[in-house]
Number of protein chains: 2
Amino acid sequence: MAEPIRLSKRDAARRENEARILAAAEKVFAEAGFGGATMQLIADMAGLPKANLHYYFATKEELYRKVVQQIFEIWLHAADSFDNAPGPVEGIGAYIDAKMDISRKHPFGSKVWASEVMHGAPVIQDYLETTLRDWTKGRADVIQRWVDEGKMAPVDPRHLLYMLWATTQHYADFGHQIETLNGGKPLSDRQWKEAKESVKTIILRGIGAI
Amino acid sequence: MAEPIRLSKRDAARRENEARILAAAEKVFAEAGFGGATMQLIADMAGLPKANLHYYFATKEELYRKVVQQIFEIWLHAADSFDNAPGPVEGIGAYIDAKMDISRKHPFGSKVWASEVMHGAPVIQDYLETTLRDWTKGRADVIQRWVDEGKMAPVDPRHLLYMLWATTQHYADFGHQIETLNGGKPLSDRQWKEAKESVKTIILRGIGAI
DNA sequence: ACACAACCTGACCAACCGGTCAACAAATTT
DNA sequence: AAATTTGTTGACCGGTTGGTCAGGTTGTGT
């Protein structure tokens, strides 16, 4: 069991400050891009003097890197439900649910990730070439197995994965567009549920799993 | 018929300079984002002195706006094939083809557009609320008609459109990621064809049109 | 050939940015 | 409670950026 760790005043303050800075940075980087974001703006949003940011994160790049790593972790773990699933309906269905939830809960992080990749992944190229490549290979193998077992139509696992990523992330990255087309209002709980169902239905039927 | 308009030296030079600047700007904005792009970099890439850029485009914002408008036009016209189609197989199939071609031919423009929307559409919000809203309404009606005519399963037209946008644009916006997962090489002609087929097959089957 | 307008550009500037630092405050250790 | 480590911050700096402008060049109409 986890002990109720006693945090010294210092450690507690450090923890909170880092969290506040990271949260502010995530939002500012998402809304302004790396180049458009300023340390001053992040500092103001975090309620700290700019010099204090540089005490916790030496450079703008270092802070940005931490923000990207954070969302990448969440992104990867979304596929936990993918494994050990008996078939595509459960596995891919749960994956869509998880990724749609991420899009709703972490829209800023999703945008930062999208922005990073769009600009050629200057700071996380190594992750793409190692962690993400392995991850993708593993899931593609699972999908291929389902195909071989006749649990779904023969589709290219890669392109199916791209479609899953694209569709689920779209609700975060292009959330503003969707909101505008929704009469300027964010999707309601019911509309989010409908979105999830639509995506799941079309894709699962599209791969011949239902 | 279009007359072979005689361009004076001036008009010809103006045309070429503007085109060169816009092409350079599209690339730089796509790779560095609006905030990260510099007029100097665009000028260097266009092979013109920076001051000359400001002669043609007064401000960075004005130049950026032109770039965004340009890709928006292409984006809208991609759906010409959508209309007058007898059913979803032809209409949506052609639309997917057209949008995939755009992703391949105009990856920079696609990224600029994505970036603009992701950042809350600061310069083209009015377009979203007028042109895009009308456009979307029109296509959604067409899809609904096909549903009513029994030519496809009853799916929410909006979410289908989002899925089409997301999936096709993904190949441009996340092209770097796809390239990395493809062994660091861009998709070949054959792979692009396979991508198109995969997308069309999954979606058309997903909406019960085939 | 002349006059006028359009075009071009090196040099320049004020504003802003990321990052530094010295001086100070607070917590922790001894 | 003294000493030491850790955290805090206003003021500052060199470098870069978007944008300006005066003075020159080129093309066009007359």
Side-chain angles (χ1 to χ4, degrees), chain A residues 5-68 112 115-116 119 122-123, chain B residues 5-68 112 115-116 119 122-123:
Chain A
I5 301 167
R6 285 211 175 271
L7 288 177
S8 66
K9 262 191 181 173
R10 279 224 163 108
D11 289 348
R14 171 171 274 272
R15 233 171 234 236
E16 193 189 310
N17 282 342
E18 282 184 352
R20 291 178 64 162
I21 293 169
L22 282 170
E26 185 176 306
K27 191 171 181 187
V28 173
F29 281 134
E31 288 174 349
F34 179 81
T38 71
M39 294 298 271
Q40 187 63 61
L41 201 63
I42 297 171
D44 291 346
M45 189 156 298
L48 294 169
K50 192 185 69 162
N52 209 346
L53 259 69
H54 281 99
Y55 177 75
Y56 286 103
F57 302 93
T59 65
K60 189 183 173 186
E61 277 84 359
E62 190 187 315
L63 174 55
Y64 175 73
R65 187 186 294 264
K66 279 275 164 60
V67 170
V68 173
V112 174
S115 206
E116 164 68 10
H119 295 7
V123 317
Chain B
I5 303 168
R6 285 216 174 268
L7 288 177
S8 65
K9 258 189 184 177
R10 278 227 163 107
D11 288 348
R14 170 172 275 273
R15 230 170 236 240
E16 192 190 312
N17 283 341
E18 282 184 352
R20 288 178 67 161
I21 293 170
L22 282 170
E26 184 176 307
K27 190 171 181 187
V28 173
F29 281 134
E31 286 174 350
F34 178 80
T38 71
M39 294 296 272
Q40 186 63 62
L41 201 63
I42 297 172
D44 291 347
M45 189 156 299
L48 295 169
K50 192 186 67 159
N52 209 347
L53 259 68
H54 281 98
Y55 177 75
Y56 286 103
F57 302 93
T59 66
K60 191 182 172 185
E61 277 83 0
E62 189 186 315
L63 174 54
Y64 175 74
R65 186 186 297 263
K66 278 276 164 57
V67 170
V68 173
V112 174
S115 207
E116 164 68 9
H119 296 1
V123 317

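Order of the sequence lines sets the chain letters (A, B, ...), proteins ahead of strands, with each chain counted from 1.
- Within the nucleic acid shown, A:Glu62 has no heavy atom closer than 4.0 Å to any nucleic acid atom.
- Between A:Phe34 and A:Phe29, the ring planes lie parallel to each other; the angle is under 30°, not in the 30° to 60° tilted range.
- Residues A:Leu22 and A:Lys66 approach most closely at CD2-CB, 3.8 Å, considering heavy atoms.
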Checklist entry - How would nucleotides 2-16 of chain D be written as a contact map, 5' to 3', with B for base contact, S for sugar-phosphate-only contact and - for no contact, using protein heavy atoms under 4.0 Å? => result ---BBBBBB------
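- Taking all atoms of both residues into account, the shortest heavy-atom contact from A:Ala43 to A:Pro49 is CB-C, 4.1 Å.
- The distance from the CD atom of B:Glu31 to the CD atom of B:Glu26 is 10.5 Å, given to the nearest 0.5 Å.
- In this entry the distance linking CD of B:Glu18 with P of C:dA6 reads 15 Å, nearest Å.
- Residue B:Ala12 is out of contact with every strand shown, counting any heavy-atom pair closer than 4.0 Å.
- With respect to the salt-bridge test (charged N to carboxylate O, under 4.0 angstrom), the residues B:Glu16 and B:Arg20 qualify.
- Taken to the nearest 0.5 Å, the NZ atom of B:Lys50 stands 11.0 Å off from the CD1 atom of B:Ile42.
- When the P atom of C:dG18 is taken as reference, atom CZ of A:Phe57 falls 16 Å away, rounded to whole Å.
- Between B:Gln40 atom CD and C:dT9 atom P the separation is 13 Å, expressed in whole Å.
- Atom NE2 in A:His54 sits roughly 4 Å away from atom P in C:dG19 (whole-Å rounding).
- Atom OH of residue B:Tyr56 and atom CG of residue B:Asn17 lie 4.0 Å apart, to the nearest 0.5 angstrom.
- Rounded to whole Å, the distance from CE on B:Met39 to C1' on C:dT9 is 14 Å.
- Using a 4.0 Å cut-off between charged side-chain N and carboxylate O, A:Arg14 and A:Glu18 make a salt bridge.
- Atom NZ of B:Lys60 is separated from atom C1' of D:dG19 by 12 Å (rounded to the nearest Å).
- Contact annotation for A:Ala43: no contact, since no heavy-atom pair falls under 4.0 Å across all strands.
- Contact check of residues 21-32 of chain B against DNA chain C (heavy atom, cut-off under 4.0 Å) returns no residues at all.
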Item to check | A:Tyr64 vs A:Val112, side-chain contact (heavy atoms from CB on, under 4.5 Å): CA-CA, chis, key distance, verdict | outcome: CA-CA 9 Å; A:Tyr64 175 73; A:Val112 174; 3.9 Å; yes
